[in-house]
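Only one structure is covered here, and it is reproduced in the block below.
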Number of protein chains: 2
Amino acid sequence: MTSQAHDLLFRTLADPTRRAIFERLCRDGDQTVAALTAKAGVSQPAVSKHLGILKRAGLVRDRHEGRQTHYSAQRAALAPLVDWTRQMSGFWQARFDDLEDLLKRMDQ
Amino acid sequence: MTSQAHDLLFRTLADPTRRAIFERLCRDGDQTVAALTAKAGVSQPAVSKHLGILKRAGLVRDRHEGRQTHYSAQRAALAPLVDWTRQMSGFWQARFDDLEDLLKRMDQ
DNA sequence: ATAATCCATAACTGGCGGGCTATGGATGAG
DNA sequence: CTCATCCATAGCCCGCCAGTTATGGATTAT
């Protein structure tokens, strides 16, 4: 896993609004842009931009359905984060390896 | 764990230079500011600022020794990150609980 | 056909943050 | 005592990025 990937992930998750959108998608599943905008506290274009950035980081997928776009969380994209934490900790690799395998097979 | 803590952690780790400093402290242990500056690719004041931010996030500790300041990584501060990832994933809590306990008892 | 809804993009703006140089206080060396 | 070294802070600058409004293409409703 390159350090670029870590950078992209960390920078993407550093913004509170964006992280909140991702959290919501993780908690409540599939959401339209309108639904996300209703709770985001920012304008619809801002939400669209955040979704674009999340998508570039692989954290979400979009699915077009008529004039709506549904977004869903891609939890597997969190794997590099777990990997990095494991490297920084330098211990208990075994436990983390289990988790990584799970995450990597979670492309739904 | 408050969402403020997550925000502080993510924002602190989002910068590549800062993350590299933390990684180095994790890998190679205790370092003086001069030693860190030598490899950081930025000026000494920049390194000092990064260390200050890392310290505010609880990720490093400083120890004064004469005119030198030694910094060391506080891996336990990564616990909220693990916690957040666990929440987003919503699975395998047991495995992560083990890790969290370990991290929280690692205040050296 | 017309109007309304959904979403993405463009264009602009402002603030935040990471970089720098300059400086000074504290400590160690000669 | 004087000078050099280590580090932190101050002050400044500039680029990036998250926010906004405006707009338009696509789809659905009337």
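Note that these values count all heavy atoms, side chains included, but never hydrogens, waters or copies made by symmetry. Throughout, protein chains are lettered first and strands after them, A, B, ... in sequence-line order, and every chain is numbered starting at 1.
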Toward the 5' end of DNA chain D, which comes first, A:Glu65 or A:Gly41, by nearest nucleotide?
A:Gly41
State, yes or no, whether a side-chain contact exists between B:Phe22 and B:Leu78 at a heavy-atom distance under 4.5 Å.
yes
Heavy atoms of chain A, cut-off under 4.0 Å: which first and last nucleotide of DNA chain C, 5' to 3', fall inside that, if you could look?
C:dA4 to C:dT9
Quick one: CG on B:Leu59 to CG on B:Leu25, what's the gap to the nearest 0.5 Å?
10.0 Å
Nearest to side-chain heavy atoms of A:His50, which nucleotide of D:dT21, D:dA18, D:dA8
D:dA18
Is A:Ile53 touching bases, backbone alone, or none of the nucleic acid, heavy atoms closer than 4.0 Å?
sugar-phosphate
Looking for any heavy atom pair under 4.0 Å, which part of the strands does B:Thr17 touch: base, sugar-phosphate only, or nothing?
sugar-phosphate
Students often get this wrong, so: under 4.0 angstrom with heavy atoms, is A:Ala46 touching a base, only sugar-phosphate, or nothing?
base
Using a 4.0 Å heavy-atom cut-off across all strands, classify A:Gln68 as base, sugar-phosphate, or nothing.
sugar-phosphate
Taken to the nearest whole Å, CG/A:Leu51 to P/D:dG19 is 12 Å
Check: B:Arg63 and B:Asp30 side chains under 4.5 Å, non-hydrogen atoms:
yes
Interatomic spacing from OG1 in B:Thr69 to CG in B:Leu36 - rounded to 0.5 Å
11.0 Å
Could you pull out the protein-nucleic contacts involving nucleotides 12-16 of chain D (nitrogen or oxygen on both sides, under 3.5 Å)?
none

Side-chain touch B:Asp7/A:Arg19, heavy atoms, less than 4.5 angstrom:
yes
Rounded to the nearest 0.5 angstrom, the CG-OG1 distance for B:Leu81 and A:Thr85 is 5.0 Å
Give A:Thr69 one of three labels, base, sugar-phosphate or nothing, depending on what nucleic acid heavy atoms sit under 4.0 Å from its own.
sugar-phosphate
Please give, in whole Å, the distance from D:dA26 P to A:His64 NE2?
13 Å
When rounded to the nearest 0.5 Å, the distance separating CH2 of A:Trp84 from OG of A:Ser3 is 11.5 Å
Just how far is it from atom CD of B:Gln31 to atom NZ of B:Lys39, taken to the nearest 0.5 Å?
9.0 Å
Rounding to 0.5 Å, atoms CZ (B:Arg56) and OG1 (B:Thr12) come to a distance of 7.0 Å
With DNA chain C as reference, determine whether A:Arg67 or A:Val47 sits nearer its 5' end, using the nearest nucleotide of each.
A:Arg67
